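What follows is a short report on a single structure.
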Amino acid sequence: MTTPIALTIAGSDSSGGAGIQADLKTFAALGVYGASVITALTAQNTTGVTGIHAVPADFVTAQIDAVFSDLAVGAVKIGMVAQPDSIDAIAAGLTRWSPRHVVLDPVMVATSGDRLLAAEAVEALRTKLVPMASVITPNLPEAAALLDTPIATSEAEIEGQGRRLLAFGCRAVLIKGGHGQGAESIDYLVSDEGVIALSAPRVATKNTHGTGCSLSSAVAAGLAKGEGFEQAVRNAKSWISAAIAQADRFAVGHGHGPVHHFHKFY
């Protein structure tokens with residue numbers, strides 16, 4: 001018997017809706033055993049981030065080595081990396097252990113608008129982690145920030161930014177359309193094989209805390225279970241759309257509440 005295992009390398013959200021907590025909930029909801037490497041502690045709730053305490057890079061390294069030396073990790077999801085030293089530690093760890101699949105969510109800003117990545121770390125993220133990724137999953141503002149360009153407003157601009165991001169060395173780019181407009185939320189999967197548009201009805205809810213974390217984790221979960229790349233992305237899109245659609249069944253906090261990770265179960 002083999003157990004699918006996914007590892008999240010990300011920051012902790014004390015309110016439980018995003019970051020490590022959202023990733024582990026996603027893995028569990030999709031039948032995958034979750035392990036974690038914590039890069040930062042955040043003092044955070046549904047209304048905002050009041051503090052960030054970065055984990056020292058050598059302890060990030062210690063966590064990575066502890067997990068990989070014992071667990072058969074099928075896929076890695078990387079979220080909040082916080083600072084350049086952490087990026088160096090993660091890049092070195094991935095080089096050392098060579099996981100088959102790496103899903104990179106270039107987390108820069110929380111749903112509340114608070115910045116989660118130091119400005120000086122953007123270049124390190126772009127040059128050291130993006131080339132190691134099987135897929136990166138930026139939203140529209142994050143894609144623009146990685147390229148130092150205005151936010152895309154049309155399908156042609158989104159596809160163009162996706163192709164420019166591919167040139168950084170990742171194998172695929174999933175640009176998330178949640179920040180767009182219109183009746184449908186359309187994500188664009190861009191690779192050397194072409195562009196696939198994945199659409200779902202846009203849900204009118206403010207409870208979207210942790211959406212990006214959870215989508216990227218769902219992709220990693222699918223890859224850990226042995227799903228093909230495109231199928232893992234399609235399944236993740238379907239799952240997160242349902243989690244958003246069921247988010248208003250929760251009454252959590254006074255700001256942007258969490259999505260319903262376990263909508264299939266209760």
Side-chain angles (χ1 to χ4, degrees), residues 2-14 16 18-28 30 32-42 44 52-108 116-118 120-138 146 168-172 210 212-226 232:
T2 58
T3 300
I5 299 173
L7 167 66
T8 168
I9 303 175
S12 167
D13 170 7
S14 52
I20 288 282
Q21 288 82 353
D23 297 340
L24 293 176
K25 289 175 184 178
T26 300
F27 295 158
L30 295 173
V32 172
Y33 181 86
S36 64
V37 168
I38 298 178
T39 59
L41 308 178
T42 69
Q44 182 176 174
I52 297 175
H53 178 72
V55 174
D58 60 348
F59 200 74
V60 171
T61 295
Q63 293 176 81
I64 290 172
D65 289 345
V67 172
F68 276 103
S69 65
D70 185 39
L71 276 60
V73 176
V76 176
K77 174 264 170 80
I78 303 173
M80 178 185 179
V81 292
Q83 58 181 353
D85 285 352
S86 295
I87 292 173
D88 290 341
I90 294 166
L94 295 180
T95 299
R96 194 159 53 251
W97 294 104
S98 301
R100 182 178 180 186
H101 300 292
V102 176
V103 180
L104 172 62
D105 188 26
V107 177
M108 298 182 186
L116 297 176
L117 180 69
E120 64 270 19
V122 175
E123 178 64 15
L125 179 73
R126 184 165 44 216
T127 59
K128 296 179 180 179
L129 290 185
V130 171
M132 306 185 82
S134 308
V135 58
I136 65 172
T137 62
L146 284 170
F168 291 146
C170 55
R171 299 211 304 265
C213 303
S214 302
L215 175 61
S216 56
S217 296
V219 175
L223 294 172
K225 289 191 290 187

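The shown structure was predicted, so the numbers you read here are calculated from the model rather than taken from an experiment.
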Backbone of [Y] reached by a side-chain donor or acceptor of [X] within 3.5 Å:
X: T39; Y: A10; value: yes
X: S12; Y: I20; value: no
X: K25; Y: G16; value: yes
X: Q44; Y: D13; value: no
X: S14; Y: T42; value: yes

Do you know which two heavy atoms are closest between [X] and [Y], and how far apart they sit?
X: A18; Y: C213; result: CB-SG, 4.0 Å
X: F27; Y: A220; result: CE2-CB, 4.3 Å
X: L71; Y: A35; result: CD2-CB, 3.9 Å
X: I38; Y: Q63; result: N-OE1, 2.8 Å
X: S86; Y: V81; result: CB-O, 3.2 Å
X: T61; Y: A89; result: OG1-CB, 3.5 Å

[X] side, atom [atom1]; [Y] side, atom [atom2] - distance, nearest 0.5 Å:
X: Y33; Y: L24; atom1: OH; atom2: CG; value: 9.5 Å
X: D65; Y: D70; atom1: CG; atom2: CG; value: 12.5 Å
X: I64; Y: S69; atom1: CD1; atom2: OG; value: 11.5 Å
X: T26; Y: Q21; atom1: OG1; atom2: CD; value: 11.5 Å

*Just do the side chain to side chain contact (heavy atoms under 4.5 Å, CB included) check on I78 and M132 with the steps written out, would you?*
CA-CA 11 Å; I78 303 173; M132 306 185 82; over 6 Å; no
Only distances under 3.5 Å count here; give the side-chain donor-acceptor pairs of residues 99-107 to other protein atoms, sequence neighbours excluded, each with its distance to 0.1 Å.
{"from": "D105", "atom 1": "OD1", "to": "T137", "atom 2": "OG1", "distance (Å)": "3.0"}
{"from": "D105", "atom 1": "OD1", "to": "K176", "atom 2": "NZ", "distance (Å)": "3.1"}

*I52 side chain near M80 side chain, heavy-atom distance below 4.5 Å*: yes
_Close side-chain approach of L125 and L146, heavy atoms under 4.5 Å_ = yes
*Derivation of the side chain to side chain contact (heavy atoms under 4.5 Å, CB included) call for V76 and F68*: CA-CA 11 Å; V76 176; F68 276 103; 3.7 Å; yes
*Over 12 non-hydrogen atoms of neighbours within 6.0 angstrom of CZ in F168*: yes
